[in-house]
Amino acid sequence: MRSTREQRWVLGLASVGSVMVALDVLVVAAALTTIRAGLGASPAQLEWTVNAYGLSFAMLLMTAAAIGDRWGRRRTYVGGLLIFTLASGACALATSLPWLIAARAVQGVGAAVVMPLAMGLLGAAFPPERRGRAIGVFSGVTGIAVLGGPMIGGAVTEGLAWQWIFWINVPVGLIAIPLVLRNVRESTGPSRRLDLAGAVVVSLAVLGLVWGIVNGESAGWTSAEVLGSFAAGVVLLVAFGAWEGRSAHPMIPLGFFRDRTFTAANAAGFFLSGALFSAVFFLSQYMQAMLGSAPFAAGLQLLPWTATLFLVGPVAGRLVDRVGERPLVVIGLAFQAVGMFWVAGSAGNSGQYHALVVPLVVTGCGVSLAMPAAQSAAMGALPREAVGIASGVYSMTRQLGGAAGVAGLGSVFVSAGGYGGDGFTRALAGCGVLSLLGALAGLGITARRRTGGAVVPRAMEEVR
């Protein structure tokens, strides 16, 4: 049994890594114009400073989680922090665009290690009956980093220089690493060989899917490149499933997906992330393009949304431990849908910031309820020794959801005329639709059984 002090250290240090990774998903977006001027890049070239990070991040999540289970979650987490920190320094020192893109790709590798291992450390440190509250804090802090990315990027770019959006990671990482080694206990997953073939196939499958998503708008969704990329991704996913079904040491035992709660929680996380990342992307740009706000001011205007994650997220975590995940996922994503539709209507009718404040609060309350509950359901559906696998799968589905949401709704935005037409309202309405799909997926989450106040694990009793 872990002490309360040790659990607090795990929660704090896992959250630090998650914040670093989540910030760098969107913080660069606010500095793209400045980076373009400094390095002399074209808009098409500049996209790869974002895409290189997203591609390496998405494709290596499952492999990193599997390595952590075998080699030790603390050790692997520290390795991820070190890679991310060194790559951040390399990004700040970049004097050309190819250098920056390469460093961002390596930074994505570090992020792919940090995110699932942070969740894995939490799952190992907290028993199921206390995990919901911890995940509530963790999700709230991570959500604030996602929503605050444009604001922080704008503030740093305006006040200092674009290099500082990367330099800020270096001291944080160098301080966190020895603290993790000193205060976090090592944990491992089931003792089995690393499924190298499975790791390669699933990584290439995700690469194919994400490549198609990020290039869909620029190359055309019906182009040979995009359709071929999607086809390769699907074929490789099928091959991965066939291999895992035959492997003596599978990376992901396929029986886990027969657990309805595990599958439903991952589906809800996919749609939640698709709506959340898309809304952050379009709203931060709307504040600047339509309301005339500077990047930092645009971030401040999102505070009605951001603040709810800090206030409601921890409360939602405690509610998870009391009432279970399904009500919070369904109600939270329904609230998020209402808020998204409301924002779309208010922006289209008035175009005034004050009309967005209340719907932003509603949206924030919804995501604050749903985010920790969906993550808790995915982690709690499997036996405790499988938290590494659960965190890897959930992290991968969330990353795919975010990439698919931004790319798909980006096409809707452009085809509807962008900010000069109905693009924004339709894109935000699309976020509402994704939220409703997540709420429907959440209905598949089953209630946890409790005995004497303790949570009894769900269906899967063994790890193959």
Side-chain angles (χ1 to χ4, degrees), residues 128-144 146-147 260-280 304-346 356-381 394 397-398 401-402 405 428-450 455 458:
E129 64 271 15
R130 296 191 58 195
R131 193 177 296 153
R133 183 173 181 177
I135 289 178
V137 174
F138 178 82
S139 297
V141 172
T142 303
I144 291 170
V146 171
L147 295 177
R260 194 175 78 175
T261 289
F262 183 66
T263 302
N266 278 282
F270 177 91
F271 290 116
L272 185 155
S273 295
L276 177 63
F277 278 81
S278 300
V280 173
W305 190 11
T306 309
T308 57
L309 286 161
F310 183 75
L311 297 173
V312 179
V315 176
R318 289 193 290 269
L319 286 175
V320 166
D321 290 334
R322 296 179 61 184
V323 304
E325 297 96 350
R326 180 169 59 186
L328 299 182
V329 172
V330 174
I331 294 171
L333 282 168
F335 264 73
Q336 179 170 275
V338 169
M340 296 292 185
F341 288 126
W342 195 349
V343 168
S346 298
L356 303 179
V357 174
V358 175
L360 284 175
V361 171
V362 172
T363 303
C365 289
V367 72
S368 300
L369 290 172
M371 185 183 291
Q375 185 170 324
S376 177
M379 300 284 284
Y394 186 76
T397 55
R398 280 192 57 191
L428 265 291
C431 292
V433 171
L434 291 178
S435 301
L436 287 177
L437 291 174
L440 290 174
L443 292 172
I445 296 172
T446 57
R448 292 187 291 178
R449 295 183 294 106
R450 297 168 184 270
V455 178
R458 294 187 180 91

Review point. Does some side-chain heavy atom of W305 sit less than 4.5 Å from a side-chain heavy atom of L276?
Key: yes
Check your understanding: Can you name the nearest heavy-atom pair linking P359 to S346, along with the distance?
Key -> CG-OG, 4.3 Å
Study note, to complete from the structure: Of all heavy-atom pairs linking C365 and T308, the shortest is N-OG1, 3.7 Å
Review point. Does anything in residues 358-372 pair up under side-chain hydrogen bond (donor to acceptor under 3.5 Å, both in side chains), and if so which pairs, sequence neighbours excluded?
Key: none
Exercise for review: Over all heavy atoms of both residues, which pair between A264 and G444 is shortest? Give the atoms and the distance, please.
Suggested key: CB-C, 3.6 Å
Exercise for review: Measure the shortest side-chain to side-chain distance between F271 and L333 over non-hydrogen atoms and say whether it is less than 4.5 angstrom.
Suggested key: no
Review point. Between V357, L356, V358, which is the residue that forms a side chain to side chain contact (heavy atoms under 4.5 Å, CB included) with L360?
Key: L356
**Study point:** Minimum-distance pair of heavy atoms, taken over all atoms of G442 and A268
**Key:** N-CB, 4.3 Å
Check your understanding: Of the non-hydrogen atoms in Q336 and A275, which two are nearest, and what is the gap between them?
Key -> NE2-CB, 3.5 Å
Check your understanding: Are L443 and L440 close enough that some pair of their side-chain heavy atoms sits under 4.5 Å apart?
Key -> yes
**Study point:** Residues forming a side chain to side chain contact (heavy atoms under 4.5 Å, CB included) with S273, sequence neighbours excluded
**Key:** F277, R398
Check your understanding: Is there side-chain contact between Y394 and Q375, with at least one heavy-atom pair below 4.5 Å?
Key -> yes
Exercise for review: Ignoring hydrogens and angles, tell me if any N or O in the side chain of T261 forms a donor-acceptor pair with the backbone of T446 under 3.5 Å.
Suggested key: yes
Check your understanding: Applying the side chain to side chain contact (heavy atoms under 4.5 Å, CB included) test to L272, which of V329, L437, V367 qualifies?
Key -> V367
Exercise for review: Indicate the atoms forming the closest heavy-atom contact of A377 with I445, along with that distance.
Suggested key: CB-CD1, 4.0 Å
Review point. CZ of F341: more than 12 outside heavy atoms within 6.0 angstrom?
Key: yes
Check your understanding: To the nearest 0.5 Å, how far apart are CE in M379 and CZ in F262?
Key -> 10.0 Å
Practice item. Determine yes or no for a side-chain-to-main-chain donor-acceptor pair under 3.5 angstrom, with S278 supplying the side chain and G274 the backbone. Key: yes
